[in-house]
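It should be emphasised that the depicted structure is a prediction, and the values quoted were computed from it without experimental measurement.
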Amino acid sequence: MLRDNEHFLCLHCREMLHETNYHQAPQNPLYQLLSSHCKLQAATALFFFEQGNLAQHLIHQLKYYGKEYIGEYIGKWLALRLQQTPAFASCQVVVPVPMHPHKLRKRGYNQVTLFAKTLAKTMGIAYNAQVLIKQTSNTTQTHKFVWKRYNDSNHIFALQQQEQLEGKHLLLVDDVITTGSTIERCYEQLCHIEGVHISVASMACAIL
């Protein structure tokens with residue numbers, strides 16, 4: 001039974017969610033992974049993503065069972081962490097990793113949307129889901145080899161209306177980061193915006 005000050009997770013369950021605290025470590029493993037191909041200001045993930053852990057379960061419920069409120073809950077949690085960190089406090093616009101329109105119609109929602117909107121609202125910054133579009137739909141990446149995931153993510157994103165974001169510090173967000181290939185493909189498009197700076201945040205990552 002939840003107490004009055006608890007939401008859909010009790011305090012015991014919250015303690016089972018292992019935070020990375022990467023926002024406090026500029027040279028963290030996620031940043032090092034992504035910065036090998038992307039010139040980022042900062043990178044973080046709220047939770048560690050492991051087979052069978054609570055973070056995986058929550059994101060699975062969000063992604064496949066329509067429980068979008070989980071994205072809002074995690075978005076508020078992460079926003080409070082980022083507001084305490086100068087590297088992220090300077091972000092001006094939240095940009096979510098987009099979903100292909102065909103998959104969006106089939107599922108009915110993008111699991112990143114409410115998470116990204118909540119991040120933006122809590123941090124008091126803008127939200128822009130129009131600048132990045134996904135051009136081709138790729139199959140699930142969960143059980144593929146690393147090189148295959150990387151190749152599947154080639155050239156699937158495109159840029160539009162980039163003039164609105166010139167000179168801005170963007171916060172690119174996704175649900176889970178594994179190999180970093182999706183983030184890299186998005187970065188390759190966003191970095192064409194004149195004077196742009198880019199940071200990355202996700203609900204969870206598989207970098208241990």
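- His169 pairs by the side-chain contact (heavy atoms from CB on, under 4.5 Å) definition with Gln41, Ser90, Cys91, Gln92, His197, Ser199, not counting sequence neighbours.
- When all heavy atoms of Ile59 and Phe49 are compared, the pair lying nearest together is CD1-CD1, 4.1 Å.
- Each of Ile133 and Val173 belongs to its own hydrophobic cluster when Ile, Leu, Val, Met, Phe, Trp and Tyr are linked at side-chain heavy-atom distances under 4.5 angstrom.
- Listed here is the closest heavy atom pair of Thr178 and Ala206: CG2-CB, 4.2 Å.
- Within the 4.5 Å cutoff, the side chain of Leu33 has no heavy atoms near those of the Thr179 side chain.
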Item to check | Intermediate values then yes/no, side-chain contact (heavy atoms from CB on, under 4.5 Å), Thr20 and Leu30 | outcome: CA-CA 10 Å; Thr20 67; Leu30 179 60; over 6 Å; no
Item to check | CA sep, side-chain torsions, deciding dist, call: His100, Gln135, side-chain contact (heavy atoms from CB on, under 4.5 Å) | outcome: CA-CA 6 Å; His100 189 272; Gln135 295 182 308; 5.7 Å; no
Checklist entry - Stepwise, does the side-chain contact (heavy atoms from CB on, under 4.5 Å) test hold for Asn128 with Val94? => result CA-CA 6 Å; Asn128 189 321; Val94 171; over 6 Å; no
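- When the ring-ring contact (aromatic ring centres under 6.0 Å, His included) test is applied to His57, no partner is found at least two apart in sequence or on another chain.
- Glu166 pairs by the side-chain contact (heavy atoms from CB on, under 4.5 Å) definition with Glu163, Ile193, Glu194, not counting sequence neighbours.
- Within the model, atoms CG of Leu170 and CG of Leu40 stand 11.0 Å from one another, a figure rounded to the nearest 0.5 Å.
- Contacts classified as side chain to side chain donor-acceptor pair (under 3.5 Å) and involving residues 117-126 (residues at least two apart or in different chains) are not found.
- For the pair Ser36 and Gln32, the minimum side-chain heavy-atom distance is 4.5 Å or more.
- Taking both residues in full, the closest heavy atoms of Tyr22 and Cys205 are given as CE1-SG, 3.8 Å, listed atom of the first, atom of the second, then distance.
- Using a 4.5 Å heavy-atom threshold, the side chains of Gln24 and Thr85 count as separate.
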Checklist entry - Are Glu68 and Leu114 close enough, and set up right, to give a side-chain contact (heavy atoms from CB on, under 4.5 Å), and what steps lead you there? => result CA-CA 7 Å; Glu68 291 188 81; Leu114 188 54; 4.0 Å; yes
Next on the checklist: Assess the residue pair Phe157 and Tyr187 against the criterion (ring pair (Phe, Tyr, Trp, His ring centres under 6.0 Å)); give the C-alpha distance rounded to whole Å, side-chain angles, the decisive distance to 0.1 Å, and a yes or no.
Outcome noted: CA-CA 10 Å; Phe157 297 104; Tyr187 172 86; over 10 Å; no
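- Considering only residues two or more places apart in sequence or on other chains, Lys67 meets the side-chain contact (heavy atoms from CB on, under 4.5 Å) condition with Gln61, Tyr69, Ile70.
- The side-chain heavy atoms of Arg81 and Glu19, taken from C-beta on, include a pair separated by under 4.5 Å.
- Within the model, atoms CG of Asp175 and CD1 of Ile74 stand 9.5 Å from one another, a figure rounded to the nearest 0.5 Å.
- Taking both residues in full, the closest heavy atoms of Asn110 and Met99 are given as ND2-N, 3.7 Å, listed atom of the first, atom of the second, then distance.
- Residues passing the side chain to side chain donor-acceptor pair (under 3.5 Å) test with Gln161 are Gln164, sequence neighbours excluded.
- Listed by chain and number, the residues in a side chain to side chain donor-acceptor pair (under 3.5 Å) with Asp174 amount to none (sequence neighbours excluded).
- Minimum interatomic distance between Gln51 and Gln56 (heavy atoms only, all atoms of both residues): OE1-NE2, 3.4 Å.
- When all heavy atoms of Ala55 and Leu17 are compared, the closest pair comes out as N-CD2, 3.6 Å.
- Aromatic pair Tyr65/His60: ring centres closer than 6.0 Å.
- Between the SG atom of Cys38 and the CD1 atom of Ile198 there is a distance of 8.0 Å, given to the nearest 0.5 Å.
- A continuous path of hydrophobic side-chain contacts links Leu190 to Leu34 [ILVMFWY only; heavy atoms under 4.5 Å].
- The aromatic ring centres of Trp77 and Phe47 sit less than 6.0 Å apart.
- Note that NZ of Lys134 and NE2 of His102 are 11.5 Å apart. Values are rounded to the nearest 0.5 Å.
- Taking CE from Met203 and CG from Leu46, the interatomic distance works out to 10.0 Å, rounded to the nearest 0.5 Å.
- Leu82 meets the side-chain contact (heavy atoms from CB on, under 4.5 Å) test with His23, Thr44, Leu78, Phe88, Leu119, Met123, Leu171, Ala201; sequence neighbours excluded.
- Taken to the nearest 0.5 Å, the CD atom of Gln162 stands 10.0 Å off from the CG atom of Leu132.
- Between Val196 and Leu165 the shortest side-chain heavy-atom distance does not fall below 4.5 Å.
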